[in-house]
**Q** 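One structure coming up, written as structure tokens, with questions to follow.
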Amino acid sequence: MALSNIEKESKYIYRIRKTGSMKVDAVVLSDYETIDEDAVEQIKNVATLPGIVHYALAMPDIHWGYGFPIGGVAAFDIEDGVISPGGVGFDINCGVRMLVVEGHSNLVKDNLEVIIQRLYEAIPVGVGERSEKKFSRKEFKEIVEKGAKKVIELGYGYQDDLERIEDFGCIRECDFSNVSEEAFERGKDELGTLGAGNHFLEVQEVAEVYDEEVAKILGVEKGMITVLIHTGSRGFGHQIATDYIKLMRDNLKEHNKNLPDKQLINAPFKSDWGQKYYSAMNCAANYAFANRQIITHLIRKVFKTVLGVNVRVIYDIAHNIAKVEEHVVDGKKRKLVVHRKGATRAFGPGNDVLPEIFKRTGQPVIIPGSMGTASYLLVGTKKAEEMTFGSTAHGAGRALGRREATRELSTERVLNELKSKGIKIMAKSKKGIVEEAPEAYKDVDKVVQIVDELGISLKVAKCIPLGVMKG
DNA sequence: ATGTCC
């Protein structure tokens, strides 16, 4: 790979010194072999944006995305910095929630086929798939302004679930009046649906525990059955991203005239357009928290009905979002707009925003693997707060583009490989199976090893898949 | 990711 101007700073830390219009350095946390040149070009572009602070960062799962790379973290000064839809991603608050099933694991294993089947029947999955449940416009507004809390009030889950969700499942700086009618129309029938692409629902087993004490506090033990939900804000968030990319393009021509890449379209955070996008984006973030909450409720119903067992929430994280946070930069506390696109918040022990239960451990971090590979539960660290604006990786990261994967892999082979590992799969589309094949992704074990070794999040447990459901 | 192009 011909990466120019990249310096090895230490193991897994590579720095690209600022040149040209870059305002800060770019830093890539990865092993050299897997760094993709196009994605490095993107992180260098991000470093040119107004008000960027300290450095533009890339996590070990970095790969090419719309404008900003996926696996990217960029923090902007709240006063003279910007907010960019491309720095959040189209699937606003795409994220992961981990659940644990109470009762003996063999009960689930012996009934796996029926459990997967029932989950498949209970949770709408696939492109454009609608929910049976219809919410009124008034309810919908409250859901996108109050997030998981509102759907819990409507009967989808328990009050206790809330402290097990990042930001308690609600981002307050939101305003439904900044959401288009079209976004509402697309979103109103999709609450409680999984979607397609890399979204999935997986039944897993805790195969290994690296830190017994922390695992116990988080609520997992070796041998337990977990369920992982990976989904986001569906057509609702997608439409909000689309709307504001266009609005910023039409209304902020002068501000955006010197962009190295049109896809980096952005607005000054404190400007009208910046605030409008921020408040609409947060509606989508709340929608996604509510979506994962409703899906949790549907999963609980299946496990209760089929096996008579309860399901608890371990944690729910966002990995496509921009947030206002306080961080210490060069010894000074500053208010920043932190963009995490394919990156997970990883706040450490003692952080003020965490609930009591996680004050000792740091916040739980969930890093899912690709279909048929392991997923990890970790905790955030002080080191992440010092080094990465409190961030870590979000997954395996694509190695092959969707088109490449479709060309190079066969559905049959992917299915046979899953079968040979004893993994049950229910999938809506054949196309999805090849696009999401393990071979299309980097090695999640390696990504997790790197973030753990860097100390920006620490391994707690590893879960291996038993059954998976996909769009 | 996505009513896989307005």
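The chains referred to below are lettered A, B, ... by the order of the sequence lines, with proteins before strands, and numbering in each begins at 1.
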**Q** Within this structure, what is the CD-to-P distance between A/Glu182 and B/dT2, rounded to whole angstrom?
**A** 16 Å
**Q** How close or far is atom C1' of B/dT2 from atom CG of A/Asp91, stated in whole angstroms?
**A** 9 Å
**Q** Give a yes or no on whether the ring-centroid distance for A/Phe236 and A/Phe140 is below 6.0 angstrom.
**A** yes
**Q** Cation-pi check for A/Phe135 against A/Lys133: NZ or CZ below 6.0 Å from the six-membered ring centre and within 45 degrees of the axis, yes or no?
**A** yes
**Q** Quickly work out the A/Asp243 CG to B/dT2 P distance and round it to whole Å.
**A** 16 Å
**Q** Do any side-chain nitrogens or oxygens of A/Arg402 fall under 4.0 Å of OP1 or OP2 in B/dT4?
**A** no
**Q** Using a cut-off of 4.0 Å on non-hydrogen atoms, how would the nucleic acid contact of A/Ala196 be classed: base, sugar-phosphate, or nothing?
**A** sugar-phosphate
**Q** Checking all strands, does A/Glu129 fall into the base, sugar-phosphate, or nothing category for heavy-atom contacts under 4.0 angstrom?
**A** nothing
**Q** Using atom CG of A/Asn320 as one end and atom P of B/dT2 as the other, report the distance to the nearest whole Å.
**A** 11 Å
**Q** Report the distance from atom CG of A/Leu194 to atom C1' of B/dT2, rounded to the nearest whole Å.
**A** 14 Å
**Q** Calculate the interatomic distance between A/Arg403 atom CZ and B/dT2 atom P; express it in whole Å.
**A** 18 Å
**Q** Could you state the atom-to-atom distance from NE2 of A/His199 to P of B/dT4 in whole Å?
**A** 16 Å
**Q** Between C1' on B/dT2 and CG on A/Asn291, what's the gap in Å once rounded to a whole number?
**A** 14 Å
**Q** Is the positively charged end of A/Arg137 above the ring of A/Phe184, judged by distance under 6.0 angstrom from the centroid and angle within 45° of the axis?
**A** yes
**Q** Would you kindly check if the NZ (Lys) or CZ (Arg) of A/Arg398 is within the cone defined by 45 degrees around the ring axis of A/Tyr441 and under 6.0 Å from the six-membered ring centre?
**A** yes
**Q** Taking any heavy-atom pair under 4.0 Å as a contact, classify A/Lys431: base, sugar-phosphate, or nothing.
**A** base
